[in-house]
Amino acid sequence: MVKHADGYPDALFIDRHFIHEVTSPQAFAGLKKRGLQVFNTKRTTATADHNVPTKDQHLPIKEALSRHQVETLRKNCKDFGVELYDLGHPFQGIVHIIGPELGLTLPGMTIVCGDSHTSTHGAFGNIAFGIGTSEVEQVLATQCILQYKPKTMKIEITGAIGKGVVSKDIILYVISKISASGATGFFVEYAGDAIRNLSMEARMTICNMSIEMGARGGLIAPDEITFNYIKGRKFAPQGEAFYKAVTEWKTLATDAGATYDKVLSFDGADITPMITYGTNPGMGMKITDRIPTAEELKEISEQNSFKKSLEYMGLEQGTQLLGKSIDYVFIGSCTNARIEDLREVASMVKGKKKAAGVEVWVVPGSKQVQEQAKKEGLDKIFEAAGFELRDPGCSACLGMNEDKIPAGKYCISTSNRNFEGRQGPKSRTFLASPLSAAAAAITGKVTDARDFISYMK
Amino acid sequence: MSKDKFIKLVSTAVPIPNENIDTDQIIPARFLKATTREGFGENLFRDWRYDSNNNPIKDFALNNPSYSGKVLVAGKNFGCGSSREHAAWAIYDYGFRVVVSSFFADIFKNNALNNAVLPVVVSDSFLKKLLETIQSKPNTQVTVDLENQKISSDNQSENFEINPYKKECLINGYDDIDYLLNLNKEVREFDLAHS
């Protein structure tokens with residue numbers, strides 16, 4: 001913290017700032033208008049991800065407005081001296097995937113980006129949160145942001161999760177319990193054995209979706225799993241400096257006996273594969289459950305929104321989703337497009353074929369993930385199954401590029417939001433884990449992934 | 001970016017009672033491709049306002065000729081989801097200066113305050129009554145007095161909270177960069193000490 005003054009928000013110094021083509025142009029325009037420079041170009045990294053095509057990335061972008069936005073990013077980065085991992089660059093990818101994989105995201109940092117899923121970086125024990133474009137401009141100009149101390153919440157997942165249950169199910173479970181606004185105003189710390197035993201990539205999936213319950217940030221104390229993940233990454237401290245840094249990072253964990261404004265605890269054994277049925281991420285359930293009825297809702301005031309939501313989804317109250325036919329499968333996004341996600345999907349679909357009539361897109365989170373998938377032969381497994389492995393980007397998570405789910409169609413998606421029209425006008429989204437998405441791709445229906453795990457390695 | 005000053009507003013209001021209105025509804029992602037802050041108003045609530053043939057959907061509040069004004073009144077958890085500031089720009093560009101709800105998502109609230117749109121948090125009961133009043137009498141005037149932190153309409157009034165720093169910014173048309181640029185020397189020193 002640079003400055004605290006009574007009656008004013010704190011000026012918080014930002015160690016790492018990530019930018020992309022969609023929420024930065026107006027910020028750079030603001031700098032130009034005020035005649036300001038970027039405060040410290042070494043602390044800002046840019047990539048193109050939100051509206052880039054996921055096919056033929058070596059060709060100029062066809063859609064004029066998207067092309068203009070990416071070209072604007074190029075020009076701004078050049079004019080202001082900011083490093084850009086542009087289309088075709090071996091480090092290009094979704095902003096929240098490339099930060100960690102390049103070792104730009106390190107424990108104890110303050111990290112911001114003009115994107116609400118910046119909470120992803122909290123998996124390393126960071127204060128990481130999404131900001132608006134005016135704030136992007138502030139950070140570019142001053143390397144600081146004005147903040148008030150948020151309330152703190154601890155969410156503990158005790159015990160162990162079952163087979164066929166993955167970190168996406170944990171976070172969908174938590175959000176279904178506390179609602180899409182249950183953590184607004186809080187920063188969340190995830191703790192407990194079920195969290196500790198997760199890999200870094202799985203932890204990132206959890207922190208990523210903190211914003212889906214309203215929390216701007218979600219973090220996990222760094223440990224040996226964290227340090228091993230970071231070791232040897234491109235921009236991480238190397239050699240002696242790494243070990244020195246680890247000593248410092250070890251001091252970051254929350255003190256035993258620390259108090260929080262709110263503490264929630266869930267039993268890992270109760271978590272099963274999850275799926276959403278509505279139009280916000282809080283409208284989720286165990287994949288074997290039935291959709292609630294309006295009468296079962298806790299608050300009567302929510303009944304109208306609930307009914308409207310089911311009408312949009314074309315679903316009936318009180319019915320099961322298991323066995324419901326789907327049209328599209330999207331495996332991608334900053335939530336679930338890392339190499340472990342692709343490996344999980346590949347291990348389930350190996351030697352199998354997608355159901356007829358279902359379209360399956362696998363969109364890797366970064367160029368490095370894509371290359372690694374090819375190196376491991378995952379691309380061959382996907383191809384044989386009829387899955388399309390595309391080029392990296394945000395893709396059908398938000399449908400800014402051509403990857404849109406058509407009106408009325410159902411998509412089981414590993415992304416983070418099931419809002420109306422999120423994946424394309426009138427599209428209908430079921431959020432689920434990569435395993436559940438892979439299982440649905442094979443059967444063409446909403447399927448309990450645990451039915452398949454005996455086939456997996 | 002400094003905007004116009006906000007002190008007191010008296011206006012009719014537009015009711016959108018839905019809860020959990022996310023920023024994808026306020027401005028769908030496909031309209032985020034502009035590189036300026038202007039012009040987003042025409043796509044505000046695009047998919048609730050127009051059908052797939054671009055015909056206005058009659059029963060949506062923005063298409064209802066009875067409703068107009070600078071105040072938007074909406075259900076709880078307004079502005080959840082994406083951090084896109086375009087949502088605040090669209091609301092401003094359309095002509096709203098105040099959004100009233102019983103609960104706002106954090107990032108949207110900041111974005112609104114940074115763009116001269118005042119988010120007014122009221123109690124559930126105040127909100128319910130306000131929505132009912134506007135729906136039954138669309139010409140009801142709503143008064144939003146920032147100086148005294150008070151919202152009133154017809155037969156009810158309530159005080160609202162606002163961060164004193166943000167209040168000062170809104171009343172004077174200042175923004176955060178003005179404040180942060182004054183700290184330049186301290187920040188330089190901090191940066192050097194932490195690199």
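These numbers come from a predicted model, not from an experiment. Just so we're on the same page: letters track the sequence lines, and every chain starts at 1.
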Carefully, step by step, assess A:Tyr8 and B:Glu168 under the rule side chain to side chain contact (heavy atoms under 4.5 Å, CB included).
CA-CA 10 Å; A:Tyr8 288 87; B:Glu168 194 187 313; 3.8 Å; yes
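- A donor-acceptor contact shorter than 3.5 Å links the side chain of B:Gln25 to the backbone of A:Glu420.
- For chain B, the nearby part of A:Met1 is the backbone; its heavy atoms alone come within less than 4.5 Å.
- Only the side chain of A:Tyr148 has a heavy atom closer than 4.5 Å to any heavy atom of chain B.
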For the pair A:Arg422 and B:Asp22, evaluate salt bridge (charged side-chain N to carboxylate O under 4.0 Å, His left out) and give the outcome as yes or no after the intermediate values. CA-CA 10 Å; A:Arg422 172 79 178 181; B:Asp22 59 79; over 6 Å; no
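- Using a 4.5 Å cut-off between heavy atoms, A:Ser305 touches chain B through its side chain atoms alone.
- If you measure heavy-atom distances from B:Arg46 to chain A, you find no contacts under 4.5 Å at all.
- When heavy atoms are compared at a cutoff of 4.5 Å, A:Glu302 approaches chain B by way of both its backbone and its side chain.
- The closest side-chain heavy-atom distance from A:Arg34 to B:Asp178 is below 4.5 Å.
- Contact of B:Asp124 with chain A is not made at all, since no heavy-atom distance falls under 4.5 Å.
- Heavy atoms of A:Ala5 lying under 4.5 Å from chain B belong exclusively to its side chain.
- Interface remark: B:Asn20 contributes side-chain atoms only to the contact with chain A (heavy atom separation under 4.5 Å).
- Of the atoms belonging to B:Lys76, it is side-chain heavy atoms, and not backbone ones, that fall under 4.5 Å from chain A.
- When heavy atoms are compared at a cutoff of 4.5 Å, B:Phe103 approaches chain A solely by way of its side chain, counted from C-beta outward.
- Remark: the backbone N or O of B:Leu32 is paired with a side-chain donor or acceptor of A:Gln69 at under 3.5 angstrom.
- Side chain of B:Arg84 to backbone of A:Ser116: no donor-acceptor contact under 3.5 angstrom is found.
- A distance of 11.0 Å separates OG of A:Ser181 from CG of B:Asp106, quoted to the nearest 0.5 Å.
- With a 4.5 Å cut-off on non-hydrogen atoms, A:Arg417 touches chain B through its side chain but not through its backbone.
- Listed for the B:Glu186 side chain is no donor-acceptor partner under 3.5 Å among the backbone atoms of A:Val2.
- In this structure, chain A has heavy atoms under 4.5 Å from both the backbone and the side chain of B:Thr35.
- For a residue to count as touching a neighbouring chain, one of its non-hydrogen atoms must lie under 4.5 Å from one of that chain's; by this rule A:Ile211 touches chain B with the side chain only.
- Most heavy-atom pairs under 4.5 Å with chain A, from the set B:Asn111, B:Asp176, B:Leu181: that is B:Asp176.
- Although no hydrogens or angles enter the test, the distance criterion places a donor-acceptor pair under 3.5 Å between the side chain of B:Glu85 and the main chain of A:Ser134.
- Using a 4.5 Å cut-off between heavy atoms, A:Asn304 does not touch chain B at all.
- Proximity to chain A is limited to the side chain of B:Tyr179, based on heavy atoms less than 4.5 angstrom apart.
- Within the 4.5 angstrom heavy-atom criterion, atoms from both the backbone and the side chain of A:Ser66 approach chain B.
- Between the side chain of A:Lys3 and the main chain of B:Leu180, no donor-acceptor pair closer than 3.5 Å is present.
- Heavy atoms closer than 4.5 Å to chain B are found in the side chain of A:Leu36, but not in its backbone.
- Only the side chain of A:Lys426 comes within contact range of chain B, with heavy atoms under 4.5 Å apart.
- Annotation: residues 140-152 of chain B contacts chain A through no residue [non-hydrogen atoms, separation under 4.5 Å].
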